[in-house]
Amino acid sequence: MVRTTAGVTAAAVGTFVYAAGIERRHWTLRNVTLPVLPSGANPLRILHISDLHMLPGQRSKQRWVAALDELEPDLVVNTGDNLAHPKAVPAVLAALGPLLSRPGVFVFGSNDYYGPKPKNPARYLMPQGRKKRIHGVRLPWRDLRAALIERGWLDLTHSRQTLRIGEQRTLLAGVDDPHLRRDRYERIKGQASADTTLRIGLTHSPEPWVLDNFAADGYDVVFAGHTHGGQLRVPGFGALVTNCNLDRTRARGASRWGARMWLHVSAGLGTSPYAPVRFACPPEASLVTLVPQDTAPAPRGRRRTSAPFKARSDVR
């Protein structure tokens, strides 16, 4: 009995050390292909970044994200929760630095507006409707927004913008964070014009009611974050929770939503400083390649771990 208890304790301690000390810094690039473009179109490369939860001293994360510029994306999509500290804006800008010279769009999440606070981990297992929102100190999101806009990125919070990305006349639209019930989809509601060939939506939290609205308006793909991929996953089972009303099977990666729309949920690159662990769910950014709809069925997402991008790929 003593040996069994000691073995269980050792396994638990080893798992925690791995989750807190190794995996949460195991920066990973996920490659995904989605068939959404018109026939004959050239592929578009979209870099999806989410949930940085940046602290001022996280130099490794900053260097890794900055190196993603080597991928030469056609568009950078940022789905929020960039900040985890009142003084983290310079660190976020250092991470995004080279990417800010490329076309980019963003919406914010709850941890851009409010700092993290210590919470009972058991709260994440509670039904969403029974959770009381706990806000920390106000964060300097306006400073971050101003810096991103100054560099040319578009704030899609309750905004619709039409851009030419590669060959595609693209409608882009987003909502404020549904996790805080700040979403007002009626402000962007409506079908795209007939000459628009690609429709992209953004939301921080992938709440089903928001996704249903995007699908009803004919969007091709919606990008979201917030879930951290579950953050703690059980091999063979997947995410235990999503921290929203999305079902846990969609906690990370690409999935269909409705008859024609794709949803891509990023597992994100950070954690709350009060829960600095990841297990079976490394921090990630995603390179999402859009290809013509008549291309062969989209492969499952592939991950590449990197320094930044030289290790082998493996099917998730």
Side-chain angles (χ1 to χ4, degrees), residues 30 32 34 36 46 48-53 77-81 106-112 119 121-133 156-157 173-185 188 199-217 219-234 236-272 275 278-286 288 298 300-301 316:
R30 183 178 295 275
V32 180
L34 298 181
V36 299
I46 297 180
H48 184 189
I49 295 174
S50 195
D51 296 87
L52 285 166
H53 292 281
V77 167
N78 182 311
T79 49
D81 271 12
F106 66 93
V107 293
F108 283 154
S110 59
N111 286 129
D112 293 302
K119 300 175 186 177
R123 292 184 70 254
Y124 289 99
L125 301 177
M126 294 171 56
Q128 289 299 305
R130 294 175 57 188
K131 292 184 183 180
K132 181 181 178 181
R133 297 287 181 262
L156 292 184
T157 304
V175 295
D176 208 344
D177 189 9
H179 185 64
L180 295 179
R181 301 286 181 167
R182 296 174 68 141
D183 55 301
R184 301 293 182 269
Y185 189 84
I188 59 168
R199 294 153 291 273
I200 296 175
L202 271 67
T203 177
H204 176 65
S205 180
E207 298 292 353
W209 67 83
V210 175
L211 302 177
D212 286 344
N213 281 323
F214 276 120
D217 278 341
Y219 281 75
D220 298 295
V221 58
V222 171
F223 291 91
H226 179 71
T227 67
H228 295 193
Q231 192 164 323
L232 303 176
R233 297 174 67 94
V234 177
F237 181 79
L240 298 176
V241 294
T242 62
N243 197 27
C244 64
N245 291 291
L246 187 73
D247 61 278
R248 63 175 189 81
T249 63
R250 303 173 188 264
R252 71 178 180 190
S255 61
R256 281 285 194 183
W257 191 271
R260 64 178 302 276
M261 192 177 84
W262 286 93
L263 168 67
H264 185 267
V265 180
S266 171
L269 282 158
T271 66
S272 165
R278 280 182 177 258
F279 186 76
C281 189
E284 67 178 38
S286 298
V288 181
R300 295 173 67 84
R316 66 184 173 97

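These numbers come from a predicted model, not from an experiment.
- Between R233 and R252, some side-chain heavy-atom pair lies under the 4.5 Å cut-off.
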(request) Tell me, with the steps shown, if I46 and F223 meet side-chain contact (heavy atoms from CB on, under 4.5 Å). (result) CA-CA 10 Å; I46 297 180; F223 291 91; 3.9 Å; yes

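- In this structure the side chain of L246 reaches within 4.5 angstrom of the side chain of L263, judged on heavy atoms.
- Put simply, OG1 on T271 and CZ on R278 are 7.0 Å apart, with the number rounded to the nearest 0.5 Å.
- Between V32 and A254, the shortest heavy-atom distance links the atoms CG1-CB, 3.9 Å.
- Between Y185 and the choices D217, D212, D176, the side-chain contact (heavy atoms from CB on, under 4.5 Å) rule is met once, by D217.
- To the nearest 0.5 angstrom, T157 atom OG1 is 12.5 Å from R184 atom CZ.
- Within the 3.5 Å criterion, the main-chain N or O of N245 finds a donor-acceptor partner in the side chain of E207.
- If you take CG on L52 and CG on N78, they are separated by 6.5 Å, rounding to the nearest 0.5 Å.
- Of all non-hydrogen atoms in L240 and F237, the two that sit nearest each other are CD2-CE2, 3.9 Å.
- Between A251 and V265, the closest heavy-atom pair is O-CG1, 3.3 Å.
- Not one N or O on the side chain of S286 forms a donor-acceptor pair closer than 3.5 Å with the backbone of V288.
- For the residue pair R248 / T242, no side-chain donor-acceptor distance below 3.5 Å is found, with atom types taken as modelled.
- Using a 4.5 Å cut-off on side-chain heavy atoms (C-beta onward), D183 and T203 make no contact.
- Smallest separation of non-hydrogen atoms from G230 and A239: CA-CB, 3.8 Å.
- Rounding to the nearest 0.5 Å gives a distance of 5.0 Å between CG of L180 and OG of S110.
- Closest heavy-atom contact between T227 and C244: CG2-SG, 4.2 Å.
- P206 has its side chain within reach of H226: a pair of non-hydrogen atoms, C-beta onward, lies under 4.5 Å apart.
- With a 4.5 Å cut-off on side-chain heavy atoms, Q231 and N243 do not count as touching.
- Scanning all heavy atoms of the two residues, the minimum distance from P178 to V210 falls at CG-CG2, 3.7 Å.
- Between the side chains of D81 and H204, at least one donor-acceptor pair of N or O atoms lies under 3.5 Å.
- Inter-residue side-chain proximity for H53 and H228 is flagged as met; some heavy-atom pair is nearer than 4.5 Å.
- Between D220 and L34 the shortest side-chain heavy-atom distance does not fall below 4.5 Å.
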(request) Give the intermediate values and the outcome of side-chain contact (heavy atoms from CB on, under 4.5 Å) for residues V36 and W262. (result) CA-CA 8 Å; V36 299; W262 286 93; 3.5 Å; yes

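- Rounded to the nearest 0.5 angstrom, Y219 OH and M261 CE are separated by 10.5 Å.
- Side chains of L202 and V222 form no contact here, defined as non-hydrogen atoms less than 4.5 Å apart.
- In this structure, the side chain of D51 does not engage the main chain of L269 through any donor-acceptor pair within 3.5 Å.
- Atom-to-atom distance recorded for W257:CH2 and H264:NE2 is 15.5 Å, nearest 0.5 angstrom.
- A donor and an acceptor atom, one from each side chain of S266 and S50, are nowhere located under 3.5 Å apart.
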